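Structure first, commentary second.
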2 protein chains.
Amino acid sequence: MIRTDIEMEKAAMILKLLGDKTRLTMMKLLENHDCCVCEFVEIFQASQPSISQHLRKLRDVGIVKEERRGQWIFYSINQNSEYFPFVQQVLLQLPEQEDKLKELEAKGTRVTCC
Amino acid sequence: MIRTDIEMEKAAMILKLLGDKTRLTMMKLLENHDCCVCEFVEIFQASQPSISQHLRKLRDVGIVKEERRGQWIFYSINQNSEYFPFVQQVLLQLPEQEDKLKELEAKGTRVTCC
DNA sequence: TGCATATATAAGTAAATCATTATATATTAA
DNA sequence: TTAATATATAATGATTTACTTATATATGCA
């Protein structure tokens, strides 16, 4: 029998990680677009270290990956993560966050940075 | 347009609540059976206050409800909660925990108490 | 090369979390 | 009514979390 289930301990760990508004919204945004750190800083109106620390947690468990593009580092969802199917199912329940990116574009902040 | 989406802030709050191995397993068990406090104490080999406090958190946001049956208080999933569909989708991803109840029955602890 | 920008990391701190111990309340049975 | 059982709650303390400030590193451009 193929086991697609996630173990309880791991599931709890992932849910705890997603149980933060900033990280959860990050993941929902990453569902459709790669984003760089400065975009998140702008979107969440948070300090850069705070954003970096959230991203590190997501990266440490492997549900996002990073990729340098010149000066910027882009984050994206790691579809190879063992947790990907689980995370994806959770994200599917959430409302789109496209408006947040639209705002960036309106302000011109999106283009400037990335 | 009918809004079935849960808001991000609420979603994060629920996920944080589920992001604990004990509470998550409780919810998964409750998916199929009502349980009383002493069963949880037995299953998790935890102290009674610890179990009660976890249950209180689940009750405070309304995803479980309690019902006294004589000496015992049984907990069950509150299907009327606005969060129920969201919670249910998460629980669906998790492995069954029936074996934990079977163990209780084997030990005779299930019958004794409830 | 030197400076600006983007990002990561380290250290410190306040608040939240989860267990424990102690105690209170409600029910049942003697 | 008294004792035992099941549960809740309060108070305390250790650990974790999520910020902040300060600093380090890497890239791109003048």
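Just so it is clear, the model here is predicted, and its values are computed rather than measured. Here is how names work: the chains are called A, B, and so on, in the same order as the sequence lines, proteins then strands, and each is numbered from 1.
- The interatomic distance linking Ile51(A) (CD1) with dC19(D) (P) rounds to 8 Å, in whole Å.
- As a whole-Å value, the separation of Gln45(A) CD from dT20(D) P is 12 Å.
- Position along DNA chain C of the nearest nucleotide to Leu55(A) versus Ala46(B) favours Leu55(A) as the more 5'-ward residue.
- Looking at residues two or more places apart in sequence or on another chain, you find a side-chain hydrogen bond (donor to acceptor under 3.5 Å, both in side chains) between Lys100(A) and Gln97(A).
- Residues Lys65(B) and Glu67(B) are not paired through a salt bridge, judged by the lack of any N-O separation under 4.0 Å between the basic side chain and the carboxylate.
- The side chain of His54(A) contributes an N or O atom lying less than 4.0 Å from OP1 or OP2 of dC19(D).
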Close N/O contacts between protein and nucleotides 9-17 of chain D (under 3.5 Å):
{"residue": "dT9(D)", "atom": "OP2", "partner": "Arg56(B)", "partner atom": "NE", "Å": "3.0"}
{"residue": "dA10(D)", "atom": "N6", "partner": "Gln53(B)", "partner atom": "NE2", "Å": "3.2"}
{"residue": "dT17(D)", "atom": "OP1", "partner": "Lys16(A)", "partner atom": "NZ", "Å": "3.4"}

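- Taking atom CZ of residue Arg69(B) and atom C1' of nucleotide dT5(D), one finds them 18 Å apart after rounding to whole Å.
- Within 4.0 Å of Phe40(B), counting heavy atoms only, lies no atom of the nucleic acid at all.
- Rounding to whole angstrom units, CD of residue Gln71(B) and C1' of dT5(D) are separated by 5 Å.
- With sequence neighbours excluded, the residues that form a salt bridge (Lys or Arg N to Asp or Glu O under 4.0 Å) with Arg56(A) are Asp60(A).
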Expected list for residues 21-29 of chain A: side-chain donor-acceptor pairs under 3.5 angstrom, two or more places apart:
{"residue": "Lys21(A)", "atom": "NZ", "partner": "Glu9(B)", "partner atom": "OE1", "Å": "3.1"}
{"residue": "Arg23(A)", "atom": "NE", "partner": "Leu17(A)", "partner atom": "O", "Å": "2.7"}
{"residue": "Arg23(A)", "atom": "NH1", "partner": "His54(A)", "partner atom": "ND1", "Å": "3.0"}
{"residue": "Arg23(A)", "atom": "NH2", "partner": "Leu17(A)", "partner atom": "O", "Å": "3.4"}
{"residue": "Thr25(A)", "atom": "OG1", "partner": "Lys21(A)", "partner atom": "O", "Å": "2.7"}
{"residue": "Lys28(A)", "atom": "NZ", "partner": "Glu31(A)", "partner atom": "OE1", "Å": "2.9"}
{"residue": "Lys28(A)", "atom": "NZ", "partner": "Leu91(A)", "partner atom": "O", "Å": "2.8"}
{"residue": "Lys28(A)", "atom": "NZ", "partner": "Leu94(A)", "partner atom": "O", "Å": "3.1"}

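- Rounded to an integer number of Å, the gap from Ile73(A) CD1 to dT27(D) C1' is 10 Å.
- In this structure, the NZ atom of Lys21(B) is 12 Å from the P atom of dA19(C), given to the nearest Å.
- Here Lys57(B) does not pair with Asp20(B) in a salt bridge; the nearest charged N to carboxylate O distance is not below 4.0 Å.
- Annotation: side-chain hydrogen bond (donor to acceptor under 3.5 Å, both in side chains) contacts involving residues 73-83 of chain B, sequence neighbours excluded, comprise Lys10(B)-Glu82(B), Glu66(B)-Tyr75(B).
- The distance from atom CZ of Arg68(A) to atom P of dT7(C) is 8 Å, rounded to the nearest whole Å.
- In this entry the distance linking CZ of Phe44(A) with P of dT7(C) reads 14 Å, nearest Å.
- Remark: Asp99(B) pairs with no residue by the salt bridge (Lys or Arg N to Asp or Glu O under 4.0 Å) rule, at least two apart or across chains.
- Close to dA8(D), at under 4.0 Å from its OP1 or OP2, lies a side-chain N or O of Tyr75(B).
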